[in-house]
Number of protein chains: 2
Amino acid sequence: MPQPETNASAGEAAVSPWDGAADRIRAGGLRWTPQRRTLVEVLREREGHVTATELIARCRERDQTTTPSTVYRTLDLLEDLGLVKHGHGHDGREEYHILPQQVHGHLYCVGCGMTWEIRPETAAVIVDALASQLGFDVDLSHVTISGRCAGCHG
Amino acid sequence: MPQPETNASAGEAAVSPWDGAADRIRAGGLRWTPQRRTLVEVLREREGHVTATELIARCRERDQTTTPSTVYRTLDLLEDLGLVKHGHGHDGREEYHILPQQVHGHLYCVGCGMTWEIRPETAAVIVDALASQLGFDVDLSHVTISGRCAGCHG
DNA sequence: GTGTCAGCCGCAACTCGTTGCAATAGCAAA
DNA sequence: TTTGCTATTGCAACGAGTTGCGGCTGACAC
Ligand SMILES: [Mn+2]
Ligand SMILES: [Mn+2]
Ligand SMILES: [Zn+2]
Ligand SMILES: [Zn+2]
């Protein structure tokens, strides 16, 4: 007897947020399609950050017929569900945070080209400053701050 | 007797940094072309921010034959001279700061779509935090920070 | 004024993303 | 299982930006 693939509560270990994706999509009157399944399969084997371009390539490995517009539209949908969250690299290109539990911003060094995550303590200073001075509620995760790292200026 | 158009020191009031552009370009072994002249004319009648797209449109008003790639390449050149400085809007698109004397970053509200400049006091907090905690020398002007303004969250 | 030559221009092709549209196909109800 | 509604797909076209290349032209030397 085959397991209903959309339901993760069949045993004891329903761990991944991806397990609920199909049901959550259908619950909204939306459809669980092969294209969406493919993207979710790709996403669940990665963590951290990915560019949309890389996701498209990985989907195409599994399904040659993958189309960019469909991937972008599905990413929008998954972002509405909170399963991914996009930001922009230093050059404005999209990057996706997968399962953004600990949301964070990025730092980019124009000298050496490296990127770092902004640590929570540092983020807090920025967020607090904008909140207290302007009442502005920052979404740092959407942003990459450019500059020069300690090793690259002097 | 015609005034040498490239020199602004003929009388007393040599005010605009644009006046020196032609000479500075030629001094580097580069060329002062009609296309570059057109863009500089467009830039000198604007201040604050502009998108590259708008600059292309304004150039085309003066010269129908204006080509995007030439404008982008000239903007790169002017950026090397410090006459403009590009940043990225909330969606990653390019924006140019004209004559960036008081460099500043931007704040974008995803609720109402408004954009504000980050005031120097606020910028200082951000810059200082990254400098003291990480030795990172921030270029805030390249960045638009997203979030929700005081009027849009609650 | 003429010649030289490196810098620049315009073009075409490409990347990343978005959007309108007609055809397809989930999915739920019968 | 079949029907029917509508969400979704793939396509094609577009907008923003970048890049390689052959031909043109500024700037300068004579
Ligand atoms: Mn940039
Ligand atoms: Mn964005
Ligand atoms: Zn560095
Ligand atoms: Zn707002």
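Values in this document were obtained by computation on a predicted structure and should not be read as measured data.
For D/dT18, neither phosphate oxygen OP1 nor OP2 lies less than 4.0 angstrom from any side-chain nitrogen or oxygen of B/Y72. Under 4.0 angstrom from either OP1 or OP2 of D/dT25 there lies no side-chain N or O belonging to B/Q35. In this structure, B/T33 does not reach the C/dC8 phosphate: none of its side-chain N or O atoms is under 4.0 Å from OP1 or OP2. For B/T53 and D/dA16, the shortest distance from a side-chain N or O to OP1 or OP2 is below 4.0 Å. Between B/R93 and D/dG17 there is no side-chain polar atom (N or O) within less than 4.0 angstrom of OP1 or OP2.
B/Q35 and B/T70 form no side-chain donor-acceptor contact under 3.5 Å, judged by distance and modelled atom types alone.
In this structure, A/H86 has its ring center no closer than 6.0 Å to that of A/H97.
Within the 4.0 angstrom heavy-atom criterion, only backbone atoms of the sugar-phosphate kind lie near A/R36; the bases stay farther away. Using a 4.0 Å heavy-atom criterion, one finds that B/G29 contacts the sugar-phosphate atoms exclusively. Contact annotation for A/T51: no contact, since no heavy-atom pair falls under 4.0 Å across all strands.
Heavy-atom nearest nucleotides on DNA chain D were determined for B/P34 and for B/D76, and the one closer to the 5' end corresponds to B/D76. Of the two residues contacting DNA chain D, namely B/P68 and B/R31, the nearest-nucleotide position lying further toward the 5' end is that of B/P68.
Atom pair A/L55:CG and C/dT15:C1' shows a separation of 16 Å (rounding to whole Å applied). The distance between atom CZ of A/R37 and atom P of C/dG26, rounded to the nearest whole Å, is 10 Å. Atom pair A/E94:CD and D/dA16:C1' shows a separation of 13 Å (rounding to whole Å applied). Atom CG in B/D63 sits about 18 Å away from atom P in C/dC8, given to the nearest Å. Between B/L75 atom CG and C/dC9 atom P there is a gap of 12 Å when expressed in whole angstrom units. Whole-Å rounding puts the A/I56 CD1 to D/dG10 P distance at 12 Å. For the pair B/L39 CG and C/dG10 C1', the computed distance is 16 Å after rounding to whole Å. Across the protein-nucleic acid pair, B/E95 atom CD and D/dA16 atom P stand 13 Å apart, rounded to whole Å.
One cannot find a donor-acceptor pair under 3.5 Å joining the base of D/dA27 and the side-chain atoms of B/R26. Between the base of D/dG17 and the side chain of B/R73 there is no donor-acceptor pair shorter than 3.5 Å.
The environment of A/Q64 atom CD is sparse: at most 12 non-hydrogen atoms of other residues, nucleotides or ligands sit within 6.0 angstrom.
Candidate nucleotides D/dT8, D/dG17, C/dC9 were compared by shortest atom distance to the side chain of B/T70, and C/dC9 ranks first.
Of the residues listed (B/L55, B/T38, B/T66, B/T65), the one engaging B/R60 in a side-chain contact (heavy atoms from CB on, under 4.5 Å) is B/T66, and it is the only one.
In this structure, the separation between CD1 on B/I118 and CG on A/L130 is 6.0 Å, given to the nearest 0.5 Å. Of the inter-residue distances, the one linking A/H90 atom NE2 with B/H88 atom NE2 reads 8.0 Å to the nearest 0.5 angstrom.
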